[in-house]
Structure formats: C-alpha cells, structure tokens
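Below: the structure, in structure tokens.
Order of listing sets the numbers, starting from 1, for every ligand and every atom in it.
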Amino acid sequence: MKTVRDLQVAGKKVVVRVDFNVPLKEGKIRDDNRIVQALPTIKELLNKGAKVILMSHLGKVKHKGTPEEVAMDKAKNNMAPVAVRLNELLGKDIVSFCPDTRGANLDFFVSNFKAGEVFLVQNTRYEKGEEKNDPELSKIWAAMADVYVMDAFGSAHRAHASTYGIPEILKSEGKEVAIGYLVEKEVNNLSRVVEVSDKDRPYIAILGGFKVSDKIKVIDSLLKKCDKILIGGAMAYTFKKALGQSIGISPCEDDQLEYAKRCFIEANGRIILPVDSVVTDGFEGWTKKVTTDSPDIPAGMEGMDIGPKTQKLFGDEIKKAKLVFWNGPMGVFEQNDFAAGTIAVCEAIAKIPHAFTVCGGGDSAAAVAQFGFMDKFSHVSTGGGASLEMIENDGHLPGIDIIR
Ligand code: ADP
Ligand code: MG
C-alpha cells in the first residue's frame with residue numbers, strides 16, 4: 001500500500017480524509033486526541049509543499065427529521081471549533097475553515113488557497129449523500145483533489161462518499177491514493193489482535209459503551225478469536241434481559257435479545273457479565289444512587305456503572321491475559337459517580353505491563369487519557385467500531401481496501 005511517505009505532492013491539492021469526530025460538549029472539545037493523531041500526516045504533506053484539504057464527519061446528522069431538527073443536529077455538530085484547535089496545534093495560523101460542503105464558497109477556497117496552507121471543510125455529514133456514498137456527491141468532492149490520502153482510521157469501516165467514493169473515482173482517473181501515518185500505525189498495531197498467535201493467550205476482550213447495535217454483531221466473531229469476553233456498559237443490559245435478569249429502566253436493544261441469548265449459550269461460560277451494578281433512578285437529574293448486591297437491577301432504576309464485585313471479577317480475568325482488546329467504557333464515566341468501573345479496568349490493565357494491550361474507541365480513548373493511563377497501554381486506537389470490524393473481517397476495512 002502506498003503511504004503518505006511515498007507521495008510527491010509539491011503544489012498539488014491533497015484531500016485528506018481525517019477522523020476529527022471528537023467528543024464535543026456545547027461546542028467545546030472534550031478530548032483532542034484524534035486531532036493530535038492526525039498531525040504527522042498533515043505536517044508531512046505541508047513539508048512537501050502540498051495544498052491540504054481536510055475532510056471529516058463529526059457526530060450524527062439525522063436527515064430524516066424536520067428541517068428544524070436537521071438544523072439543530074447541524075448546529076450541534078459544526079466543525080468550526082475543530083479548525084480553531086487544529087490551528088492552535090499546528091501553531092502557524094495556516095488553517096482556514098470552509099463552513100460549507102459544496103457550492104461557491106467551497107469552490108472559492110479550492111481555487112484560492114496556496115501551497116503550505118490547510119483548509120478544513122465543514123462536517124461531511126451535513127450532506128445527506130455522505131453516508132449513502134452518493135456518486136454525485138463523491139464526484140463533486142473528488143474534483144477538488146489531485147491526490148487522496150486516507151488517514152481516518154476511525155471511519156475506515158464505513159464505505160461513505162468521503163471514505164470510499166472519492167478514492168474510487170480518483171483511482172479510475174489514474175490519480176494517486178495513499179494511506180496516512182495514523183492508518184499505517186493503527187493497521188500495524190491492530191494486526192496483533194486480528195491474527196492471534198499462540199503466545200498471546202489468554203486473549204481477553206472487554207466490551208462496553210453505548211453503541212450496542214453497532215457492536216453486538218461483532219460478538220460472534222470475537223468469540224472465535226478470544227478466550228473470554230467481559231461485557232460492561234449499556235450492552236450488558238441486553239444480555240441480562242436475554243438471560244431473564246431484571247434490568248429496571250436500563251437501556252436495552254429488544255430486537256437483539258434472541259441473538260444475545262444465543263451468543264451467551266454458544267460461548268459456554270466465556271462471556272462474563274456484571275454481577276452487581278451502580279444504579280440510579282434515571283439517567284439525567286437522578287436523586288437516588290445505589291449499588292446492587294446482585295445481578296438484578298430493581299424496578300424503576302437504571303444501570304450506570306459496573307459495581308465493585310464486578311470490578312474484582314473483571315480484574316481477576318484481566319490479570320491472566322497476555323493480549324487485551326478493550327472497546328467501550330464500563331459506565332457513564334463522564335460523571336465522577338460512575339467512573340469507578342472504567343478506572344478499575346484501566347488499573348487492571350496497568351498491572352499487566354508484559355501483555356499486549358489495546359484500547360479503541362473515541363470515548364474509550366478519552367477515558368484512558370482523562371484518567372491518566374495513556375502510557376499504560378501498548379496501543380490506544382482512535383477507532384472503536386473500526387477496530388472491532390477489523391477484527392471481525394480479518395483485517396479488512398472498506399476505506400483501506402479501496403486504497404490497496
Ligand atoms: P466508544 O466511543 O469508545 O466506541 P461508545 O461511543 O460506544 O464508546 O460509548 C461511550 C459512551 O457510553 C459514554 O459516553 C458512556 O457514558 C456511555 N455509557 C457507558 N455505560 C453506560 C451505561 N450503563 N448507560 C448509559 N451510557 C453508558
Ligand atoms: Mg463513542
């Protein structure tokens with residue numbers, strides 16, 4: 001695969017698909033790790049005298065809603081603060097921001113910026129056609145580029161217009177496409193959790209977080225590779241309910257209950273679920289907080305974190321591991337009251353320095369950084385869904401395969 005190292009791009013317009021899908025709260029960036037991770041590729045291109053056009057999605061824009069709802073989603077996921085942060089990180093005042101994703105404004109940027117400058121295009125998901133890999137949209141975007149670089153590892157599992165459509169067109173036109181340094185690093189590190197060698201056993205996977213429907217599908221294939229899977233976060237409740245435990249008002253994917261039950265039975269003791277939980281009387285504005293003494297969650301209560309017995313149970317499994325893959329926080333770690341489970345997993349991993357340990361996912365990586373465990377992991381991946389799918393598909397991801 002060609003990398004950014006191999007490119008000669010002086011004076012050329014290089015479209016770089018980066019992953020700037022950072023956790024945002026009220027327009028403030030909670031963790032800039034994904035921007036930091038994109039810097040080596042951006043700097044390399046600038047050093048080579050390229051004109052750098054950056055594209056990324058940010059959050060979710062639901063185009064099915066009313067015009068007001070769509071406008072609200074767009075406002076919430078405006079890319080502008082990312083451009084400001086990128087400019088600070090590059091420290092040269094060379095980054096500008098195009099608030100549109102097509103039209104006269106974008107055309108003006110494309111024809112007027114110079115070698116050694118960067119501009120960031122507005123959130124690609126402002127376009128309805130992005131997630132559908134709409135050919136007309138891909139054509140508009142591909143027309144901006146002489147060269148395309150894929151450095152958005154966190155989005156490489158999606159065949160969208162900006163991750164797949166653009167390079168597909170450029171390739172058909174005989175133009176150069178390459179991967180960036182971040183994608184190269186991710187692929188090198190993750191290959192160890194994809195193709196597992198015997199010396200790397202026991203291999204423990206830890207799953208959590210909130211995006212259950214995205215992640216639950218991967219369990220089947222994870223079971224083929226891992227020795228054990230520890231499940232915390234919101235996914236645990238779907239499993240609990242499937243096994244007949246009560247889950248109160250905790251989130252649950254009812255259409256996945258059959259699947260979860262089948263996975264659990266087929267796993268034959270290799271899926272480990274929480275045995276206690278920290279629960280509240282609601283997600284927001286809760287007034288009651290209790291730690292349950294059993295796997296059951298009382299009526300009217302919602303699970304927010306794994307409990308202390310589960311921390312110990314998970315910790316004892318992690319202790320034995322030679323290889324760890326972790327995606328998804330164990331609880332609502334953004335609030336101090338529900339951070340203990342996630343911290344306990346970090347601490348357990350910090351105690352096995354000789355194991356190869358990978359944590360992946362936007363929020364998971366943010367948690368690891370926030371609690372000060374960044375240097376305790378062999379690799380902290382910028383991709384959650386992408387790393388999971390890479391494991392599932394034996395190393396293949398559409399956004400990387402199209403570059404090959
Ligand atoms: P990642 O970005 O690492 O792939 P996700 O996006 O799937 O992870 O999930 C992260 C989110 O999951 C966090 O914002 C966290 O608050 C939330 N979460 C974890 N456990 C729970 C829970 N029990 N109930 C609700 N949300 C949870
Ligand atoms: Mg996330």
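Taking atom 21 (C) of ligand 1 as the reference point, the nearest protein heavy-atom neighbour is Val332 CG2, 3.8 Å. In terms of protein heavy atoms, atom 3 (O) of ligand 1 is closest to Ser364 OG, 2.5 Å. The protein non-hydrogen atom at the shortest distance from atom 19 (C) of ligand 1 is Gly331 O, 3.1 Å. Protein heavy atom closest to atom 13 (C) of ligand 1, with residue, atom name and distance, is Glu334 OE2, 3.2 Å.
In summary, Lys320 and Glu317 engage in a salt bridge, as defined by a charged side-chain N under 4.0 Å from a carboxylate O.
By heavy-atom distance, the residue among Asp363, Asp305, Val212 lying nearest atom 2 (O) of ligand 1 is Asp363.
The neighbour count for Lys175 NZ, taken as heavy atoms of other residues, nucleotides or ligands under 6.0 Å away, is above 12. Crowding of Asp316 atom CG: a count of heavy atoms from other residues, nucleotides or ligands under 6.0 Å exceeding 12.
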Would you tabulate the side-chain donor-acceptor contacts of residues 205-213 under 3.5 Å, counting partners in other chains and residues two or more places apart, or write 'none'?
none

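Panel note: side chain Gln311, backbone Val345; no donor-acceptor pair is recorded below 3.5 Å. In terms of modelled atom types and a separation under 3.5 Å, the side chain of Asp276 and the main chain of Thr310 share a donor-acceptor contact.
The distance cut-off of 2.8 Å around the Mg ion (ligand 2) captures these protein N, O or S atoms, sorted by chain and number: Asp363 OD2.
Of all the heavy atoms of Asn327, the ones lying under 4.0 Å from any atom of ligand 1 belong exclusively to the side chain. Contacts of Lys215 with ligand 1, taken as heavy-atom pairs under 4.0 Å, involve the side chain alone.
Under the 4.5 Å side-chain criterion, counting only non-hydrogen atoms from C-beta, His157 is not in contact with Met390. With contacts defined as side-chain heavy-atom distances shorter than 4.5 Å, the pair Phe333/Ile343 does not qualify. When side chains are defined from C-beta on, Glu130 does not count as touching Asp134, because their heavy atoms never get closer than 4.5 Å.
Remark: ligand 1 and Tyr237 share an N or O pair separated by less than 3.5 Å (distance only, no angle test). Below 3.5 Å of separation, one finds an N or O of Phe210 facing an N or O of ligand 1.
Closest heavy-atom contact between Ala115 and Gly49: CB-O, 3.3 Å.
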